[in-house]
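Scroll down for the structure; my scribbles are underneath it.
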Amino acid sequence: MVNRVVIAAPASGHGKTTIATGLMAALRARGLAVSGHKVGPDFIDPGYHSLATGRPPRNLDPFLQGEDLLVPLLRHGSAGADIAVIEGVMGLFDGQLGTEGYASTAHVARLLGAPVVLVVDASAASRSVAAMVLGFARYEPGVEIAGVILNKLGSPRHEEEIRAALVRTGIPVLGALRRSDDIHAPSRHLGLVPAAERDAESRELLPKLAAWVADGVDLEAIVRVARTAGPLSAPTWEPTGSYSGPRRVVAAAAGPAFTFRYTETVELLAASGVDVVDLDPLHDKALPEGCAGLYFGGGFPEVHVEDLSANAPLREELAAAIRTGMPVVAECAGLLYLCRELDGLPMVGALDASAEMTKRGALGYRTASAAQDHLLARAGERVTGHEFHRTVVTPRAGAVPAWEWDGVAEGFASSTLHASYLHVHWAGHPALAHRFAAAVHARG
């Protein structure tokens, strides 16, 4: 049995990340073991969840992982927890464009059989909040709005007016929160600043956030709502791997510049006999002892480009290792780091390409196919992934692409290298992890 609740909102900007994270921290402060989950491919919000819960960050996404894996992944991620708090994405019914809400928060709530608590920014309305909540409750069968948390209230009288109007809907108010100048996480071009980039400030914020939510939200009522979720019949997901020989080491980019990594990636590699060791390209001068592979996930190298460039000893060692065939997987930020230069400053130089920031962004789900056999995939093999960046990479002619989608070739690939803007959740495509692990063992 997994006690579970989804924290959703009518749209982005209503405060669901702040409240979901504060709720996780407040419940943990009450002595509950809490597991945090994020709907969608977001890496940033789960970083705050991890700080609040003390557990690894988790994502749930039907497009990236497949509908059938959502319950198994929830059971895996929430093992040993008293309650799972699942933060939604965008508005409750907003999903993949061109579909009827596929991969939306509502879609995930239905697949998980989880009740929904709707967070509403009430700063610019009063009685109209009730009409909006009623519309959300009636819009889609199978989605249960179990309660409302009112956010950004201006006064006791403002709260009373909204509560009175909500009585007619039959949907209870489970929380009422005033505006607070102390509760703030800074943002930039791709959303909130990752918690790992402001670790001390984030840890200092958490007790304030927990106290703010505990003061305004009925925590016992939230737990009661989570307990109304029915039993789950699907089995628990387990990372797979068949290697039984000596274990190998993969250095994975970490630190403030590389904060994006799916937890299940590490778990799949561990099950395949590969130990992931963090490598901070801002400060570490050399690869870890016994390193047999490299994994560079996502993050914000463009924000730290000067310091990354200044660490010449590591850049040079990485270039030499990749040149001599050390297997390397690079996704988005990792792709930028492996280029000759980023915004005019020298990077690793393993790829004959340059990268730069632009004003336009690329965002969305992608269904891609392998352009040829390479480190992770076989020619024609299809994967689902996600692209989210505001940079452009300009390769020299003749580069061999990793993937093709929408008639466009993208990335770089060889038998020992994969570098692409595409983030793929390896739990949905475990063969990628197994092939990478096999290459690492062969190198070791």
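Note that the numbering runs from 1 along the sequence shown for the chain. Values below: every heavy atom of this structure, side chains too, minus hydrogens, waters and symmetry copies.
- When the side-chain contact (heavy atoms from CB on, under 4.5 Å) test is applied to Tyr337, the partners found at least two apart in sequence or on another chain are Phe258, Pro281, Phe296, Leu308, Leu314, Arg315, Leu318, Met347, Val348.
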Handout entry: From CA spacing to verdict: side-chain contact (heavy atoms from CB on, under 4.5 Å), Val277, Val250
Key = CA-CA 6 Å; Val277 176; Val250 160; over 6 Å; no
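- Under 3.5 Å, the side chains of His374 and Gln372 contain no donor-acceptor pair of N or O atoms.
- Using modelled atom types, no side-chain atom of Glu317 and backbone atom of Pro313 make a donor-acceptor pair closer than 3.5 Å.
- The closest donor-acceptor contact from the side chain of Asp121 to the backbone of Ser123 lies under 3.5 Å.
- When each of Arg248, Arg247, Arg435 is checked for a side chain to side chain contact (heavy atoms under 4.5 Å, CB included) with Val440, only Arg248 meets the rule.
- In the model, Glu267 has a side-chain atom that pairs as donor or acceptor with a side-chain atom of His76 under 3.5 Å.
- Between Ile19 and Trp212 there is a side-chain heavy-atom pair separated by less than 4.5 Å.
- In this structure, a donor-acceptor pair under 3.5 Å is present between the side chains of His37 and Ser35.
- No donor-acceptor distance shorter than 3.5 angstrom exists from the side chain of Glu381 to the backbone of Leu376, with no hydrogens or angles considered.
- Summarising the local packing, CG of Leu363 is surrounded by more than 12 heavy atoms from other residues, nucleotides or ligands at distances under 6.0 Å.
- A donor-acceptor distance shorter than 3.5 angstrom exists from the side chain of Lys16 to the backbone of Met90, with no hydrogens or angles considered.
- Side-chain polar atoms of His434 and Trp426 form no donor-acceptor pair below 3.5 angstrom.
- The distance between the ring centers of His418 and Phe436 does not fall below 6.0 angstrom.
- The main-chain N or O of Pro327 is never found under 3.5 Å from a side-chain atom of Arg443 such that the two would form a donor-acceptor pair.
- With Ser369 contributing its side chain and Gly380 its backbone, the two residues share no donor-acceptor pair below 3.5 Å.
- Under the 3.5 Å distance criterion, the side-chain polar atoms of Lys38 are left unmatched by any main-chain donor or acceptor of Ile86.
- By the 4.0 Å N-to-carboxylate-O rule, Asp82 lies too far from Arg30 to be salt-bridged with it.
- Under a 3.5 Å cut-off, the side chain of Thr324 and the backbone N or O of Ala321 do form a donor-acceptor pair.
- Distance alone, capped at 3.5 Å, is enough to place a donor-acceptor pair between the Arg261 side chain and the Ala253 backbone.
- In this model, a donor atom of one side chain and an acceptor atom of the other lie less than 3.5 Å apart for His429 and Thr384.
- Although no hydrogens or angles enter the test, the distance criterion places a donor-acceptor pair under 3.5 Å between the side chain of Asp343 and the main chain of Met357.
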